[in-house]
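Some notes on the structure that comes next.
The analysis underlying the following values was restricted to heavy atoms, covering all of them including side chains, and did not include hydrogens, waters or symmetry mates. Order of the sequence lines sets the chain letters (A, B, ...), proteins ahead of strands, with each chain counted from 1. Remember, it's a predicted structure, so these values are computed and weren't measured experimentally.
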2 protein chains.
Amino acid sequence: MYNILVCDDDKAILDSVEIYLQNEGYNVYRASNGIEALKVAESTELHCIILDIMMPGMDGLTVTSKLRQNKNIPIILLSAKSEDTDKIAGLSFGADDYVTKPFNPLELVARVKSQIRRYTSLGSMETKESVLKSGGLELDTEAKTVTVDGEPVKVTATEYKILEYLMENMGHVLSTNQIYEAVWHEEAFATEKTVTVHIRRIREKIEINPKEPKYIKVVWGIGYKIDKES
Amino acid sequence: MYNILVCDDDKAILDSVEIYLQNEGYNVYRASNGIEALKVAESTELHCIILDIMMPGMDGLTVTSKLRQNKNIPIILLSAKSEDTDKIAGLSFGADDYVTKPFNPLELVARVKSQIRRYTSLGSMETKESVLKSGGLELDTEAKTVTVDGEPVKVTATEYKILEYLMENMGHVLSTNQIYEAVWHEEAFATEKTVTVHIRRIREKIEINPKEPKYIKVVWGIGYKIDKES
DNA sequence: CTGATTTGTAATCATTCTGTAAGAAACCCG
DNA sequence: CGGGTTTCTTACAGAATGATTACAAATCAG
């Protein structure tokens with residue numbers, strides 16, 4: 001879960017950006033001026049900062065250079081002007097990317113993603129286990145493949161994501177809502193059935209006898225789980 | 001502690017890059033022209049060199065080839081966007097990577113890190129794999145040629161880069177966005193189709209039957225991959 | 001400068017995937 | 001056992017994705 005700070009004096013923008021970022025599974029912090037932004041940045045471990053340039057009090061460029069004194073966090077600037085002068089100033093102050101208002105929220109999200117990928121790729125690369133196992137069931141998170149007793153099984157993208165989520169939380173029972181929100185990054189509303197059907201389809205593929213599931217077990221009234229060493 | 005030499009005639013770039021690298025714990029040496037760079041390289045044990053191509057006096061490409069006469073250190077070139085052809089030239093002169101200006105400092109740092117990791121993990125072994133293979137598909141990364149079952153295949157520059165990227169990450173599934181960013185060094189925004197078409201053209205050339213691809217396989221909803229030992 | 005090649009984009013086609021609904025079956029509790 | 005709830009199963013329409021083709025702009029070679 002990545003933490004992102006959005007700082008703008010326009011509440012409408014703050015709201016809109018927050019929603020888009022949350023839909024992608026990010027944790028959003030808000031600030032409406034430079035001072036607030038710096039405070040949040042000091043007290044929280046952030047992974048990306050989105051700053052408006054034009055703000056009352058301390059402007060975005062000043063915030064940027066203050067942050068750069070001790071942090072390498074990706075900073076994306078927002079500005080109403082599409083003038084090149086601001087752009088150059090922003091980047092030379094230490095910003096990493098630049099979006100001009102009015103902007104397409106999806107583009108902003110894309111840039112956030114890309115910045116975070118680069119930033120985190122600096123740190124401990126690939127310490128995550130790339131193969132998840134439970135009995136004869138194996139899941140290669142890099143090749144995105146699933147094998148049962150050595151036999152490759154073809155699963156679809158969503159099926160894979162559900163399986164991965166269950167495997168990452170092996171031994172824990174997960175409700176259909178939890179699964180839905182983890183996989184779709186959306187509020188789960190009247191969608192319990194959807195997950196159920198996907199589970200069914202996964203079972204069809206990985207279980208010898210879907211009636212007596214060996215891997216994906218149901219816990220009545222609560223949800224599903226995959227045991228360790230099943 | 002790794003030593004990195006940054007060489008550029010633009011002091012602003014030098015300053016900015018220095019700060020980013022120092023924040024990551026690197027020891028930074030500076031040079032503002034080719035001659036200086038070579039001097040530093042002779043007298044210091046460096047682990048990575050960042051070179052601007054456009055410099056007064058000796059240009060980056062010349063420096064690269066001079067360095068390559070007796071050193072295997074990773075070299076990353078900086079080039080202005082307009083000098084696109086320089087990229088290919090740069091790599092054939094012996095550079096290991098390139099970044100186009102204006103660049104994202106975090107991206108540069110990421111590339112430095114990746115180069116150093118590769119360099120040191122090889123233990124300065126000269127046996128850098130220059131031929132990538134998967135079944136009958138072979139890719140000579142030095143001659144920049146592709147052969148299928150021994151038969152040479154003519155591919156264009158972008159096609160080659162896509163293939164190389166897929167081959168370097170053999171077994172991993174790569175999304176069209178990942179491919180786009182790796183090959184074009186640009187933000188991937190609304191460009192999914194472009195990669196798709198290139199993949200199609202590559203298949204036309206290397207697959208016996210493009211309908212049933214033997215090498216470049218699609219993973220629905222995720223991306224493309226080339227398997228090991230196909 | 002001209003013609004050939006390469007490259008990006010858009011439009012269309014084919015296939016695969018996904019959510020929903022509806023009924024059946026399994027489970028829990030009194 | 002029986003009612004109420006939860007999960008399973010099936011089928012299907014349309015949504016999403018990748019493949020394919022065509023074309024114009026950009027680039028390159030001679």
key: Interatomic distance, B:His198 NE2 vs C:dT5 P [rounded to whole Å]   = 17 Å
ask   = CH2 of A:Trp220 versus P of D:dT7: gap in Å, rounded?
value = 6 Å
remark   = Which of C:dT18, C:dT9, D:dC8 is nearest the side chain of A:Val218? It is D:dC8
request  = Check the angle between the aromatic planes of B:Tyr98 and B:His185 and answer parallel, tilted or perpendicular using the 30° and 60° thresholds.
outcome  = perpendicular
task = Using only side-chain N and O atoms of B:Arg200, determine if any of them is under 4.0 Å from OP1 or OP2 of D:dA19.
result = no
ask   = Is B:Thr191 touching bases, backbone alone, or none of the nucleic acid, heavy atoms closer than 4.0 Å?
value = nothing
message = Over all strands shown, is A:Tyr224 touching base, sugar-phosphate only, or nothing at heavy-atom distances under 4.0 angstrom?
response = sugar-phosphate
query = How is A:Arg203 classified with respect to the nucleic acid when contacts are heavy atoms under 4.0 Å: base, sugar-phosphate, or nothing?
reply = sugar-phosphate
ask   = Between the side chain of A:Thr141 and the main-chain N/O of A:Ser130, is any donor-acceptor distance below 3.5 Å?
value = yes
remark   = Per nearest nucleotide of DNA chain D, the residue lying toward the 5' end, A:Val219 or A:Arg201, is A:Val219
A:Trp184 side-chain proximity, nearest of C:dG19, D:dG18, D:dA22 = C:dG19
message = Base, sugar-phosphate or nothing for B:Thr156? Non-hydrogen atoms, less than 4.0 Å.
response = sugar-phosphate
